[in-house]
**Q** 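Structure in structure tokens, see below.
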There are 2 protein chains.
Amino acid sequence: MASSTVENYLKHILLLSEGTDGLVSMGALASSLAVVPGTVTTMVKALADGGLVAHRPRQGVQLTSEGRHLALTVLRKHRLVETFLVNVLKMDWAAVHDEAEQLEHAISDDVLDRLDALLGHPTADPHGDPIPSRHGKLSSQVYATLATCAAGRPVRIVRVTEQSKEFLQFAEQNGLQPGTSLSVADRNLTAGLVTLRKAAGRTVPLSLAAAGKILVEPEKQSARFRPKPEPCS
Amino acid sequence: MASSTVENYLKHILLLSEGTDGLVSMGALASSLAVVPGTVTTMVKALADGGLVAHRPRQGVQLTSEGRHLALTVLRKHRLVETFLVNVLKMDWAAVHDEAEQLEHAISDDVLDRLDALLGHPTADPHGDPIPSRHGKLSSQVYATLATCAAGRPVRIVRVTEQSKEFLQFAEQNGLQPGTSLSVADRNLTAGLVTLRKAAGRTVPLSLAAAGKILVEPEKQSARFRPKPEPCS
DNA sequence: GTTCATATTTTGATTAGTCAAAATAAATCC
DNA sequence: GGATTTATTTTGACTAATCAAAATATGAAC
Ligand SMILES: [Mn+2]
Ligand SMILES: [Mn+2]
Ligand SMILES: [Mn+2]
Ligand SMILES: [Mn+2]
């Protein structure tokens, strides 16, 4: 029932309210959607009439539970579609965001469930972005970034939080994808430069800004050092 | 670039002009698109301005070669998507038309090509509708229907030309799908009734109107009767 | 407590797509 | 040939979504 436009508004409100108190400013929403602020004010009032958001004039906007549910469904479609495009159709991870931006509005809930099953119920998309569960649960785990994690510590990339083609192509070129193991060799705050050391010993320089877009978790101990491997049952 | 609306207009003009001289009446197009005739007149003039159709006032409308090319791409997307939904996601063939009606406007040419390869370059969709080739060739082979083919003759269903859920569910229930072998046991023009005999001897009654929607070709000789089987090379 | 800068809202206009209903052209029938 | 039926076109109005630019509110700075 909801138009593509409405779905996009809700999805952007959801993404922008992640980690905050939930109130999203008109300005932030406008630039996120690439429309002028006046348009957002008008649309948000319409969404509020429809019961999908709560609008606090001159304060911001917030999803209602109905709006949040719809937004989560759209986000789930987006990320499952991206996963399908990369895992099944072997598309470049830098290209799938734009595709999914259209497809998220065109697939039914039935197709969504079948894609989910085909892909084996994945919990993250090719960029490491968490996929909302069918019941609307969205992981909000907080990770360190390459700009903040301790130097020398072995870490594994879990997520790249940046959709732009250019950034993703650069990251792929330098083997910076979810699953990659590495450590921060050096961090120079003055120069705004981070140097990474990859598994093979290769080093990669990265701006601090770029490093902040790459989320990592502590490297799990490799198998031969693991104290008590679980028996396969 | 073209909106979903424009794509739908072009696709419907293409389908309605199949087999005719190419001129489609405003009235036919309006009922096919489920809009009022005045809307069609307005839109067709806009399409003509855009060079996608030629409008002969009070006569009809016809695709230009650019419009025909676009229409064929949309049709190709529609039918490949249907094939994907049935063959890969195992959806019911009665449900996929509505899904494809949306998806045909959301998938890129790149995704189209990858789907085509994944499916093994099929030439017909689950209903037997021919899939336009990547170079815009659309098979226009003429087939007999169950309403016209000789009684007693063993035939094989090649296509079911009717998108409605109800009809397709009925056809599935009675095992009337592309590939099925059968023959017309009896045709009673007065009663408007056709009786089919399936392989297992089971008979199925069918209205003449419904029989006309089912296209067939002469049954190929079964292997044991074939005079000169080609060697597998 | 004014003044200023900034974000937000309002106003007026535009585009795509649609419908209802009136006007018009064309074909058909006597 | 004139009247009638039918399809098409025109006209006027409406909705969703947008922008440009003017008006307004709010918090910060002086
Ligand atoms: Mn989108
Ligand atoms: Mn993603
Ligand atoms: Mn369509
Ligand atoms: Mn089909």
Side-chain angles (χ1 to χ4, degrees), chain A residues 1-14 16-17 20-63 66-67 70-71 74 101-102 104-106, chain B residues 1-14 16-17 20-63 66-67 70-71 74 101-102 104-106:
Chain A
M1 295 290 109
S3 67
S4 296
T5 303
V6 167
E7 290 187 346
N8 280 332
Y9 272 75
L10 297 177
K11 190 184 68 172
H12 279 87
I13 294 170
L14 174 69
L16 290 171
S17 64
T20 74
D21 57 350
L23 265 188
V24 175
S25 75
M26 299 291 115
L29 189 49
S31 83
S32 178
L33 287 162
V35 297
V36 302
T39 301
V40 168
T41 300
T42 308
M43 270 299 294
V44 161
K45 282 200 290 190
L47 294 176
D49 279 355
L52 296 170
V53 304
H55 182 208
R56 301 277 239 339
R58 297 209 127 89
Q59 303 264 140
V61 64
Q62 192 170 8
L63 294 172
E66 187 187 347
L70 222 167
V74 177
E101 204 55 53
Q102 300 308 123
E104 66 189 357
H105 312 296
Chain B
M1 295 289 109
S3 67
S4 296
T5 303
V6 167
E7 291 187 345
N8 280 332
Y9 271 76
L10 297 177
K11 191 185 66 171
H12 280 86
I13 295 170
L14 175 69
L16 290 171
S17 64
T20 76
D21 57 352
L23 265 188
V24 175
S25 75
M26 299 293 115
L29 189 48
S31 82
S32 178
L33 287 162
V35 297
V36 302
T39 301
V40 167
T41 300
T42 309
M43 272 297 296
V44 161
K45 282 199 290 191
L47 294 176
D49 279 357
L52 296 170
V53 304
H55 182 207
R56 301 276 239 340
R58 298 210 127 86
Q59 303 264 138
V61 64
Q62 192 170 10
L63 294 172
E66 187 186 348
L70 222 167
V74 177
E101 204 55 53
Q102 299 309 123
E104 65 189 356
H105 313 294

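Chain letters run A, B, ... following the sequence lines, proteins first and then strands; every chain starts at 1.
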**Q** Not counting sequence neighbours, which residues clear side chain to side chain contact (heavy atoms under 4.5 Å, CB included) with A:A30? List them please.
**A**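 For A:A30 the side chain to side chain contact (heavy atoms under 4.5 Å, CB included) partners, ignoring immediate neighbours, are A:P37, A:V40.
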**Q** At under 4.0 Å between heavy atoms, which parts of nucleotides 3-8 of chain C does protein reach? Answer with one letter per nucleotide, 5' to 3': B base, S sugar-phosphate only, - none.
**A** ----BB
**Q** Nearest whole Å is fine: how far is C:dA25 C1' from B:R56 CZ?
**A**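 Checked: the CZ to C1' distance equals 17 Å.
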**Q** Going from CD1 on A:I13 to CG on A:L33, what distance comes out if it is rounded to the nearest 0.5 angstrom?
**A** 8.0 Å
**Q** Which residues, if any, of residues 1-12 of chain A bring a heavy atom under 4.0 Å of DNA chain D?
**A** A:S3, A:T5, A:Y9
**Q** Taking side chain to side chain donor-acceptor pair (under 3.5 Å) as the test, write out the residues that go with A:H105, two or more places apart.
**A** A:E7, A:N8
**Q** Taking side chain to side chain contact (heavy atoms under 4.5 Å, CB included) as the test, write out the residues that go with B:T39, two or more places apart.
**A**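 With neighbours one apart ignored, the set is B:Y9, B:V35, B:V36.
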**Q** Mind checking the CD-CD spacing from A:E104 to A:Q102? Nearest 0.5 Å is all I need.
**A** 8.0 Å
**Q** Considering residues at least two apart in sequence or located in another chain, which fulfil the side chain to side chain contact (heavy atoms under 4.5 Å, CB included) criterion with A:S25?
**A** A:A28
**Q** Atom CG of B:L29 to atom C1' of C:dT18: distance rounded to whole Å?
**A** 14 Å
**Q** Along DNA chain D, 5' to 3', what are the outermost nucleotides having an atom less than 4.0 Å from a heavy atom of chain A?
**A** D:dA17 to D:dT26
**Q** Identify the two heavy atoms, one from A:S17 and one from A:G22, that lie closest to each other, and give their separation to 0.1 Å.
**A**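 Closest pair (atom of A:S17, atom of A:G22, distance): CB-O, 3.7 Å.
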**Q** Side chains of residues 47-63 of chain B: which donor-acceptor pairs under 3.5 Å do they make with residues two or more places apart or in other chains?
**A**
none

**Q** Using the side chain to side chain contact (heavy atoms under 4.5 Å, CB included) criterion, which residues pair with B:S3? Sequence neighbours excluded.
**A** B:T5, B:V6
**Q** Does A:E101 have any salt bridge (charged side-chain N to carboxylate O under 4.0 Å, His left out) partners at least two apart in sequence or in another chain, and if so, which?
**A**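 Only A:K11 meet the salt bridge (charged side-chain N to carboxylate O under 4.0 Å, His left out) criterion with A:E101.
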